[in-house]
Number of protein chains: 2
Amino acid sequence: MSVLRKINAQLEDMAPADRQIGRFILDHPDQMLKLSSAALAAETGRSQSSVVKFSQKLGFAGYQELKLAVSKAKAQEWHAPPGMIHGSIEVGDGYLTILQKLISSKMLAMQQTLAVNGEQEIERALTALNDARRIHMAGVGASSLVARDFSYKLMKLGRNVLHDSDSHVQMANASTLNAADVLFAFSYSGASIETLRIAELARERGATVVAVTGLNGVPLTQVANIRLYTAADEERVRSSSITARDAQLMLTDLLFILLIQRQPDANDYVHNSETAVSVLKAR
Amino acid sequence: MSVLRKINAQLEDMAPADRQIGRFILDHPDQMLKLSSAALAAETGRSQSSVVKFSQKLGFAGYQELKLAVSKAKAQEWHAPPGMIHGSIEVGDGYLTILQKLISSKMLAMQQTLAVNGEQEIERALTALNDARRIHMAGVGASSLVARDFSYKLMKLGRNVLHDSDSHVQMANASTLNAADVLFAFSYSGASIETLRIAELARERGATVVAVTGLNGVPLTQVANIRLYTAADEERVRSSSITARDAQLMLTDLLFILLIQRQPDANDYVHNSETAVSVLKAR
DNA sequence: AAAAAGTCGGAATAAAAAATTCCGAAAGAT
DNA sequence: ATCTTTCGGAATTTTTTATTCCGACTTTTT
């Protein structure tokens with residue numbers, strides 16, 4: 001239990017002097033960290049020895065130890081807020097609240113995304129990816145960025161990847177696919193017209209279609225051979241596109257890592273690519 | 001930034017005595033918390049005064065303050081929710097292990113990124129963003145995707161944003177900046193030549209330069225007016241670019257949300273933009 | 001109700017720790 | 001090779017912490 005909680009719990013049963021000192025620490029923990037025992041005594045109108053005794057009654061060797069404990073407690077409080085704060089981000093929220101809500105939304109999106117996809121389906125996607133002659137990526141808007149991010153990563157592994165942010169170019173590329181190829185179609189709603197049409201075309205041409213959609217990804221999921229789902233916490237963060245994107249990235253990152261595991265020479269590829277890029281660094 | 005990171009970063013440039021003291025603190029932070037300056041001196045074979053001077057060189061008033069900072073840093077580090085698996089992803093790891101390692105790396109990157117940026121610096125970036133006549137984004141490679149993602153979001157709020165993935169175009173755009181404009185420069189290494197040159201040009205032209213770099217973002221940070229840091233957990237996940245990107249997105253998402261809070265009509269803008277896009281949906 | 005026992009809390013003091021000063025040695029610059 | 005700067009420890013001063021001691025007040029016991 002954190003010291004602050006401990007002090008708070010015992011506050012009622014303390015002698016007046018101790019209670020006064022305890023209250024001050026609870027009210028101004030940050031200030032207390034900067035004060036010496038004598039200064040704290042002056043601040044509370046008590047004696048320096050009382051401050052030391054207060055520390056010892058709490059089980060510490062002395063005032064210094066108490067300070068360390070308070071510092072630790074404050075830091076932990078900052079990081080592990082008393083239970084994650086739920087609910088959507090509101091206009092009146094303070095900086096810290098927003099921060100906590102944002103991070104907890106992101107975590108939830110990632111965890112749920114991992115939870116909704118079974119290992120078999122991931123495995124199937126992975127095999128398709130690994131065996132593909134060419135990998136084609138489709139996606140518009142924010143999903144296009146995820147597609148591109150994934151493309152870059154796969155290229156680092158020496159894979160044959162095609163992606164363009166222009167949906168007409170994507171469509172043109174899709175018309176060249178065949179049974180040896182894989183199309184990754186990203187659309188959180190599952191209803192983006194361009195992505196849908198591209199997926200349909202790819203399917204007609206015999207390519208394996210992997211759909212990455214939100215939980216209700218109809219109609220895109222109906223076109224797909226392999227279905228992967230992303231869970232975004234739309235209620236929490238105002239613009240849901242944030243967590244939808246995080247969920248998509250969680251999934252593509254996972255596929256990337258798993259693909260590395262399957263490819264013995266992956267490290268060489270990644271290393272070479274990094275060496276090449278480092279030529280473009282200053283210093 | 002946590003003291004431990006700070007010590008680690010400066011360790012190389014320290015004088016022998018300081019390096020020895022610093023190394024001991026990095027190696028045994030918990031033990032150090034129980035030691036007095038003299039005891040730490042004895043432990044490292046150095047003098048007590050050197051320990052105090054070491055503390056002061058790091059910017060603290062004295063050894064006591066350093067101890068408080070270390071205690072705080074340790075507490076923050078000790079964030080790991082139960083069930084998190086540490087260590088880098090290895091070849092032999094099973095599906096579940098990889099999953100857990102990946103997610104914990106991502107969480108850590110996000111949390112540390114929030115931890116290293118003070119509210120004031122975020123506030124400054126926000127004000128610059130809010131008051132900017134035009135917002136220009138620079139970044140190459142993976143950072144370019146982050147820049148683009150951020151651009152899209154800001155555009156949804158009706159902001160004047162410029163971004164192109166081609167660095168020559170970015171440079172040309174930068175040449176049109178003036179004191180009323182803001183340049184966001186993304187580079188995890190802080191050393192990408194193109195981004196650096198663009199930032200220099202923007203700075204010369206009087207624009208406010210916001211640098212978003214990793215913890216050691218030199219030389220880009222030296223050009224910047226406002227410095228934001230991203231913490232990636234490079235050791236854990238093979239390709240560090242994953243967590244570096246997550247950290248950058250964490251930061252841009254935070255800025256976006258905070259900007260929404262400041263803009264009363266933000267909801268209208270977002271709503272209109274979503275309505276417009278929904279025309280492109282099937283169903 | 002009075003004495004005894006115990007608690008509380010501050011002043012004074014002792015002990016410890018921290019911070020500063022000073023100076024010689026080593027490294028670097030000119 | 002000489003000058004300057006930096007480094008780092010010994011010694012000293014200052015500050016902070018911990019202990020002791022004692023009077024005032026409370027509670028218990030007889």
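Proteins get letters first, then strands, A, B, ... in listed order; numbering begins at 1 in each.
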Looking at D/dG8, I'd like to know if its phosphate oxygens (OP1 or OP2) sit under 4.0 Å from a side-chain N or O belonging to B/Ser47.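 No, outside the criterion.
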Can [X] and [Y] be counted as an ion pair, charged N to O under 4.0 angstrom?
X: B/Glu200; Y: B/Arg197; value: yes
X: A/Lys34; Y: A/Glu43; value: no
X: B/Lys106; Y: A/Asp253; value: yes

Find the distance [X]:[atom1] to [N]:[atom2] and express it as a whole number of Å.
X: B/Tyr63; N: D/dT14; atom1: OH; atom2: P; value: 24 Å
X: A/Gln48; N: C/dT13; atom1: CD; atom2: C1'; value: 11 Å
X: B/Lys53; N: D/dC7; atom1: NZ; atom2: P; value: 10 Å
X: B/Arg46; N: C/dA19; atom1: CZ; atom2: C1'; value: 20 Å
X: B/Phe54; N: C/dA19; atom1: CZ; atom2: P; value: 14 Å

Could you tell me whether the side chains of [X] and [Y] share a donor-acceptor contact shorter than 3.5 Å?
X: A/Ser37; Y: A/Gln48; result: yes
X: B/Thr176; Y: B/Arg134; result: yes
X: B/Gln20; Y: B/Thr44; result: no

Can you check whether any acceptor in the base of D/dA11 is under 3.5 Å from a donor in the side chain of B/Ser49, or vice versa?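 Answer is no: no donor-acceptor pair is held.
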Does anything in residues 18-43 of chain B come within less than 4.0 Å of DNA chain D? Heavy atoms only, and list the residues if so.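 Residues of residues 18-43 of chain B that come under 4.0 Å of DNA chain D do not exist, since none gets that close.
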Look at all strands and tell whether A/Gln56 reaches a base, only sugar-phosphate, or nothing, counting heavy atoms closer than 4.0 Å.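 The answer is sugar-phosphate, as A/Gln56 gets under 4.0 Å only of primed atoms, P, OP1 or OP2.
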Kindly point out which of D/dT19, C/dG9, C/dA18 is positioned nearest to the side chain of A/Ser50?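 Closest nucleotide to the A/Ser50 side chain: C/dG9.
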Which of these nucleotides, D/dT19, D/dT16, D/dA11, is closest to any side-chain atom of B/Gln64?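 Closest nucleotide among those given: D/dT16.
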